[in-house]
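What follows is a short report on a single structure.
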Number of protein chains: 2
Amino acid sequence: MPRKHSAADAPLRLDNQICFAVYSAAHAFNRVYKPLLDRLGLTYPQYLVMLVLWERDDVPVRDIGEKLFLDSGTLTPLLKRLEAAHLVKRTRSREDERQVLIALTPQGHALKDKARAVPQSILAASDCSVSELVAMKDEIVALRDRLNAVIGE
Amino acid sequence: MPRKHSAADAPLRLDNQICFAVYSAAHAFNRVYKPLLDRLGLTYPQYLVMLVLWERDDVPVRDIGEKLFLDSGTLTPLLKRLEAAHLVKRTRSREDERQVLIALTPQGHALKDKARAVPQSILAASDCSVSELVAMKDEIVALRDRLNAVIGE
DNA sequence: TCACATTTAATTGTTCGCAATTGAATGTGC
DNA sequence: GCACATTCAATTGCGAACAATTAAATGTGA
């Protein structure tokens, strides 16, 4: 007779699933970021794009997509919103007319200084030592990369 | 003179951010789940709702939301889709007419058996021992709960 | 050169996720 | 019993996220 909490059901229990842990942690991060990013006028995915651009400017959409694991269906409208906010400029590459190059505007560059406060606040909110966070991050990245390897068959 | 990779910029670098690790790992999980859940006719958030219901049936929307950290704006349309797929039934509670109770249909119950294959496939894809995954899961859940505690001031 | 595949971004349609609002039901203090 | 706040789901609007398709530019082989 199957009981309410049979051992066979353990793998299906919500609290046993690492994917739900990751899923719900991502949402929790988003909620902590929200008020911080509101001050910058950015959403979290837009913030990620800006992080990429602050590292290297004038890159094709495809490069941004590879770093963030996002495709053009997500990035095209997002980048248009960043352009509407005067943070980036989108121009067709002259060497390869298929590519659209994304470059920061002066305002986009300037926003970087304001953004420096964000990681500090997040560190405080996580209530955790830097070394612990780095260790966790490395584990999660390793897991992510193994998962992504499976997707590519 | 700020160089290309100055130490002051380290906290803003994408690869140093645990939140991006979590964010991208969540997407990677989603992509691994996709083909498995397609066979069940479920999306990942729908699968999470079914996990909750397989543990305890006939619960108000609010209870599901608390377990999954989702609100009615997300759950109402999702539950209507599950109802359209004949997996759940939505009925107003007679004790409290504000509440909508979600109950599994026979088909919803039956789907549980097919779902048992899912966690196994995920375990294989993560290419990791169960004990390692459990340890990681506990760390991530602890981090998530600290973040959620900050949100509630 | 010319047919053909590949690359790249854009578009369309569906589903999440959440903030803000609405409206009905319930509970509370007086 | 009645004004008032609270609770709950539903709704609206916006921004991701992604699959599938489209269209243009480029590369490749015969």
Side-chain angles (χ1 to χ4, degrees), chain A residues 19-20 23-35 37-38 40-50 59-66 68-85 87-88 90-102 148 151, chain B residues 19-20 23-35 37-38 41-50 59-66 68-85 88 90-102 148 151:
Chain A
C19 64
F20 175 64
Y23 169 90
S24 54
H27 289 322
F29 265 120
N30 211 335
R31 285 189 283 268
V32 174
Y33 268 100
K34 181 92 180 30
L37 294 180
D38 277 349
L40 306 183
L42 295 173
T43 65
Y44 182 67
Q46 289 169 5
Y47 172 70
L48 290 180
V49 169
M50 294 302 285
V59 291
V61 174
R62 163 146 255 282
D63 285 21
I64 300 174
E66 268 176 14
L68 301 181
F69 307 97
L70 297 173
D71 68 5
S72 72
T74 301
L75 287 174
T76 296
L78 187 156
L79 290 166
K80 285 183 176 175
R81 282 187 283 270
L82 286 181
E83 190 174 43
L87 294 174
V88 307
R90 298 165 355 106
T91 50
R92 290 253 159 221
S93 163
R94 237 172 303 137
E95 299 97 56
D96 186 339
E97 289 275 343
R98 291 170 303 183
Q99 292 188 359
V100 169
L101 296 178
I102 308 299
N148 278 331
I151 295 160
Chain B
C19 62
F20 175 64
Y23 169 90
S24 54
H27 289 320
F29 265 120
N30 212 335
R31 284 190 283 268
V32 174
Y33 268 99
K34 181 97 180 29
L37 294 180
D38 278 350
L42 295 173
T43 65
Y44 182 67
Q46 289 169 5
Y47 172 69
L48 290 180
V49 169
M50 294 302 286
V59 291
V61 174
R62 164 146 253 281
D63 284 22
I64 299 174
E66 269 175 15
L68 301 182
F69 306 97
L70 298 172
D71 70 3
S72 71
T74 302
L75 288 175
T76 296
L78 187 156
L79 289 167
K80 284 182 178 175
R81 282 187 283 272
L82 287 181
E83 189 174 42
V88 307
R90 300 167 352 107
T91 50
R92 291 253 160 217
S93 163
R94 238 173 301 135
E95 297 96 56
D96 187 339
E97 288 276 341
R98 292 170 305 182
Q99 292 188 359
V100 169
L101 296 179
I102 308 299
N148 277 331
I151 295 161

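Computed over heavy atoms, backbone and side chain alike; hydrogens, waters and symmetry mates excluded. First the proteins, then the strands, lettered A, B, ... as listed; each starts at 1. Values in this document were obtained by computation on a predicted structure and should not be read as measured data.
Checking C:dG17, D:dG15, C:dT15 against the side-chain heavy atoms of A:Gln46 singles out D:dG15 as nearest. For A:Lys34, whose side chain is taken as the heavy atoms from C-beta onward, the closest listed nucleotide among C:dA19, C:dG17, D:dA16 is C:dA19.
As a whole-Å value, the separation of B:Leu70 CG from C:dC18 P is 6 Å. Rounded to an integer number of Å, the gap from A:Glu66 CD to C:dT8 P is 8 Å. In this structure, B:Leu37 places its CG atom 16 Å from C1' of D:dA19, rounding to the nearest Å. Rounded to a whole Å, the CG atom of B:Leu48 is 13 Å from the C1' atom of C:dG17. A straight line from CZ of A:Phe69 to P of D:dA16 spans 19 Å, rounded to a whole angstrom. The CZ atom of B:Phe29 sits 18 Å away from the C1' atom of D:dA17 (whole-angstrom rounding). Look at CG on B:Leu82: it is 12 Å from C1' on C:dT15, rounded to the nearest Å. Between A:Asp38 atom CG and C:dC18 atom C1' there is a gap of 12 Å when expressed in whole angstrom units.
Heavy-atom minimum distance, B:Leu79 versus B:Val88: O-CG2, 3.9 Å. Among all heavy-atom pairs drawn from B:Ser72 and B:Pro77, the shortest one is O-CD, 4.0 Å.
Contact annotation: B:Tyr23 reaches the phosphate of D:dA17 (side-chain N/O to OP1 or OP2, under 4.0 Å). For A:Thr43, a side-chain nitrogen or oxygen approaches OP1 or OP2 of D:dA16 to under 4.0 Å. In this model, the phosphate group of D:dA19 is not approached by any side-chain N or O of B:Arg31 to a distance below 4.0 Å at OP1 or OP2.
With sequence neighbours left out, the side chain to side chain contact (heavy atoms under 4.5 Å, CB included) criterion links A:Lys80 to A:Thr76, A:Arg90.
Map A:Leu78 and A:Arg94 each onto its nearest nucleotide of DNA chain D; the residue landing nearer the 5' end is A:Leu78.
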* Starting from the C-alpha separation in whole Å, work towards a yes-or-no answer on side-chain contact (heavy atoms from CB on, under 4.5 Å) for A:Ile151 and B:Val32. => CA-CA 6 Å; A:Ile151 295 160; B:Val32 174; 3.8 Å; yes
Pairs under 3.5 Å (N/O, protein and nucleotides 8-12 of chain D):
from	atom 1	to	atom 2	distance (Å)
D:dC8	OP2	B:Arg62	NE	3.3
D:dA9	OP1	B:Val61	N	3.1
D:dA9	OP1	B:Arg62	N	3.2
D:dA9	OP2	B:Arg62	N	3.1
D:dA10	OP1	B:Arg90	NH1	3.0
D:dA10	OP2	B:Thr76	OG1	2.8
D:dA10	N7	B:Ser72	OG	2.8
D:dT11	OP2	B:Lys80	NZ	2.6

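The main-chain N or O of B:Tyr33 is never found under 3.5 Å from a side-chain atom of B:Asn30 such that the two would form a donor-acceptor pair. Between the side chain of A:Arg92 and the backbone N or O of A:Arg98 there is at least one donor-acceptor pair closer than 3.5 Å.
Relative orientation of the A:His27 and A:Tyr23 rings is perpendicular, given thresholds of 30° and 60° on the angle between their planes.
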